[in-house]
Each structure stands twice: as C-alpha cells, then as structure tokens.
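Because the structure is predicted, anything quoted here is derived from the model rather than measured. Residue numbers count from 1 along this sequence.
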Amino acid sequence: MRLTILCLLALSAVCAQEPDAFEVPREALKGVQRESARLAWRPEVGATRRVRAGSQLVLTQTSEHAHEGEAPAPPILIENTQELTLEVAAVGSEHVDVRCTTGKLAISIGGLGPEQHLDTEQGLRSGNPGLDLFGELVGEPYLLRLEPRGQVLRIQDADDLYRRLREKTQGGFEDLNLETTLDPVRTARELQPLFVEFPEEEELKPGQRWAVGRTVEVAAGESLEGAATYVYLGIAEHQGRKCAKLAARFVFRAQDYPNPGPNGVSKLSGAGEPYALWVDLGDGGVLACETQRLLV
C-alpha cells in the first residue's frame with residue numbers, strides 16, 4: 001500500500017458541500033471573543049510566513065475473511081510534523097505562486113513491521129528510500145501554484161526540483177521514479193490545509209460554517225471523496241497576536257471497490273477529528289494549526 005506520508009493528507013478542493021454539524025471542542029472556544037470578521041486570502045508579493053504543522057493518520061484494516069478468534073491486524077500509524085516557510089512569489093488574476101521551503105521534517109511509521117523514523121533535525125534516516133527522499137526536500141524551495149482563492153493546484157517548477165534533488169543526492173535514489181514519488185499535483189495538494197478557502201464577499205459571524213469538497217489519496221489509485229467543514233469561532237490571540245480562530249474537520253464518504261486490487265482493499269472510509277487553526281486578520285493566511293488526526 002502506498003501511504004500518504006507528507007503532512008496534511010493530500011487534500012484538494014473540488015466544490016461547495018453541505019457543512020458538517022460536528023461539535024466544536026470546548027477547549028477551542030476558550031479566550032475567543034465572539035466578534036464578526038471579513039476574511040479572505042489576500043496574498044502580497046514578498047509576504048513570508050513560517051508555519052509548523054502536524055498530522056496523524058491511523059489506518060485500520062478489517063477482513064471479511066478473518067477466522068473466528070483471529071486477532072485483527074494492528075493499525076498503521078503515520079505521524080508527521082514539519083516546519084515550512086511560505087513566501088508569496090507572484091500574484092496574478094488567474095493564479096498565485098508561493099515559494100515553499102521545508103525547514104524541518106519528522107515522519108514516523110508504525111504497524112508495517114519495524115518502525116520507520118525520519119527526522120531531519122536529528123539526522124535520522126529510515127533506510128526506506130521512498131520515505132527518506134522526503135527528507136531531501138529540506139532546504140530545496142519549490143513553487144506552489146494556487147488559484148486566487150487559495151486552491152492548491154500543483155508544483156509549478158517540478159522538473160527543476162527533480163533536477164536539484166538528483167544532483168543533491170548524487171544518484172542515491174536512482175531506483176526511485178521522482179515524478180511518481182513526488183507527483184507535482186499530489187505533493188502540492190498535501191499542503192492545501194495551509195490555505196483556507198473562505199466564502200466570497202461575506203462577513204463571517206461566530207458559529208458560521210462553510211464547506212468545500214476534498215479528495216484524499218490513501219493508497220495508489222485509492223482515494224476518498226468528502227468535505228472539509230470550517231467553523232468561524234471569533235477573534236482570539238495566538239502567541240500574543242490578534243487573529244481569527246477557526247475549527248475544522250474532514251469527513252469522507254465510504255468508497256467501495258467491487259474489484260479489489262493487489263492490496264485487497266474492497267472498502268475505504270474515513271473521518272477526521274476536529275482541530276483548531278488561527279488565521280491572520282489582514283491577509284487571511286494560516287498562522288498555525290493544531291495536529292490533524294484522520295482515522296481511515
């Protein structure tokens with residue numbers, strides 16, 4: 001199974017959806033002032049932001065052919081934290097380019113035999129080329145292309161990124177297809193949660209919800225479709241800075257596979273737990289977000 005291992009779950013916007021009626025955790029409401037705000041992503045060339053984000057993906061597999069009393073397969077847990085620098089490189093009427101640079105990256109995978117750990121800050125490598133390649137992204141900037149409202153489209157300069165990675169590793173990953181492992185669309189869309197798509201021309205009131213369609217790839221050729229729901233909570237402080245606070249959750253519709261492939265997967269379903277994020281009142285950029293946890 002090809003697991004989605006970079007932060008934030010390979011999410012891409014599709015279309016408006018019916019908002020989810022999940023309950024906002026009480027902890028998220030502490031210190032929030034119930035004030036309205038008009039929010040939109042307003043990128044300006046040169047604007048730079050450093051964001052730390054994390055995710056947890058829990059994959060649980062059940063079998064219709066399991067024998068009575070047989071222990072279920074242990075869940076697969078993928079944990080990820082990374083520090084990113086995002087700099088707006090170009091703003092146009094049809095697209096926005098954001099230069100993205102990974103500063104730190106840590107990924108751990110358990111439940112697939114021996115645990116695998118990648119931590120660029122501590123100099124740890126997992127020994128799995130497909131995983132360790134992501135560590136080589138540290139310090140290698142690339143351009144994310146987005147639509148003006150914030151929908152992530154692709155890595156715009158992917159060919160140049162592949163060239164630099166090959167030169168940097170001096171053939172260390174020659175057995176990997178970089179174009180597949182670091183697919184320019186899938187890899188870019190894993191950063192979608194760092195760009196919130198707000199309702200257009202609308203003042204948000206505390207408790208107001210909106211949703212956008214999402215797709216998450218959890219294995220090669222196997223994806224879930226559903227929606228991300230956002231709730232505007234009000235005005236709060238984060239690290240001494242006044243900003244807007246939101247709660248969000250991802251929910252995916254069950255996907256049936258009448259002809260299971262080599263993975264033997266016949267059905268996929270998943271739902272995320274609510275998490276909080278803080279947004280700049282001026283440009284609508286995400287300042288910080290809690291660890292996102294998705295159960296599949």
Side-chain angles (χ1 to χ4, degrees), residues 1-13 20 22 25 51-63 72-84 102 104-120 124 126 128 130-135 137 152 180-183 185-195 212-229 247-255 257 261 263-277 286 288-296:
M1 177 177 286
R2 188 273 180 194
L3 301 173
T4 300
I5 56 176
L6 263 191
C7 130
L8 319 180
L9 310 177
L11 299 166
S12 61
D20 176 20
F22 71 87
V51 183
R52 186 178 184 275
S55 67
Q56 292 182 338
L57 177 61
V58 181
L59 296 170
T60 302
Q61 184 171 337
T62 59
S63 174
I76 299 169
L77 175 63
I78 304 173
E79 298 182 284
N80 178 318
T81 57
Q82 63 178 318
E83 186 177 280
L84 300 159
T102 303
K104 301 175 184 178
L105 176 66
I107 303 173
S108 64
I109 302 177
L112 284 174
E115 291 190 1
Q116 301 178 43
H117 299 281
L118 166 67
D119 191 320
T120 61
L124 295 178
S126 69
N128 179 341
L131 176 59
D132 290 340
L133 176 63
F134 290 98
L137 284 176
V152 177
T180 299
T181 307
L182 293 176
D183 178 86
V185 173
R186 186 184 64 241
T187 302
R189 286 177 172 173
E190 288 175 344
L191 300 180
Q192 180 66 67
L194 297 181
F195 301 91
V212 290
R214 294 286 191 240
T215 299
V216 60
E217 181 180 345
V218 295
E222 297 168 356
S223 61
L224 295 172
E225 293 185 357
T229 293
R249 186 169 89 123
F250 301 102
V251 175
F252 303 97
R253 294 187 295 273
Q255 175 72 47
Y257 297 90
N263 293 326
V265 176
S266 59
K267 184 174 184 178
L268 283 171
S269 62
E273 296 179 354
Y275 68 96
L277 60 159
V286 173
C289 62
E290 293 181 333
T291 297
Q292 300 173 63
R293 181 177 171 88
L294 179 66
L295 309 177
V296 177

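- Interatomic distance, CD of Gln116 versus CG of Asn128, reported as 4.5 Å (0.5 Å rounding).
- In terms of heavy-atom proximity, Arg293 sits nearest to Gln56 at NH1-OE1, 2.9 Å.
- Residues Arg186 and Thr181 share a closest heavy-atom pair of NH2-O, 3.1 Å.
- Asn80 contributes atom CG, which lies 5.5 Å from atom CG of Leu105 (distance to the nearest 0.5 angstrom).
- Side-chain contact between Leu294 and Phe252 is present, with heavy atoms from C-beta onward closer than 4.5 Å.
- What you find for Leu118 and Gly135 is that their closest heavy atoms are CD2-N, 3.8 Å.
- Listed here is the closest heavy atom pair of Val286 and Val51: O-CG2, 3.6 Å.
- The salt bridge (Lys or Arg N to Asp or Glu O under 4.0 Å) search around Asp132 returns none, not counting sequence neighbours.
- Heavy-atom minimum distance, Glu115 versus Gly110: CG-CA, 4.2 Å.
- Within the 4.5 Å cutoff, side-chain heavy atoms of Val152 are placed close to those of Gln192.
- A distance of 3.5 Å separates OH in Tyr275 from CZ in Phe250, rounded to the nearest 0.5 Å.
- By the 4.5 Å heavy-atom criterion applied to side chains, Leu182 and Leu137 are counted as neighbours.
- Within the model, atoms CZ of Phe134 and CD1 of Ile107 stand 6.5 Å from one another, a figure rounded to the nearest 0.5 Å.
- In this structure, the side chains of Leu295 and Glu273 come closer than 4.5 Å at one or more pairs of heavy atoms.
- Annotation: side chain of Gln82 is in contact with side chain of Leu191 (closest heavy-atom distance under 4.5 Å).
- Cys289 and Leu194 make their closest contact through SG-CD2, 4.3 Å (heavy atoms, listed as atom of the first residue, atom of the second, distance).
- Remark: Glu83 pairs with no residue by the side chain to side chain donor-acceptor pair (under 3.5 Å) rule, at least two apart or across chains.
- At least one donor-acceptor pair closer than 3.5 Å links the side chain of Glu290 to the backbone N or O of Ala276.
- The side chain to side chain contact (heavy atoms under 4.5 Å, CB included) check on Thr60 picks up Val58, Pro75, with sequence neighbours excluded.
- Between Val296 and Leu57, the closest side-chain pair of non-hydrogen atoms falls below 4.5 Å.
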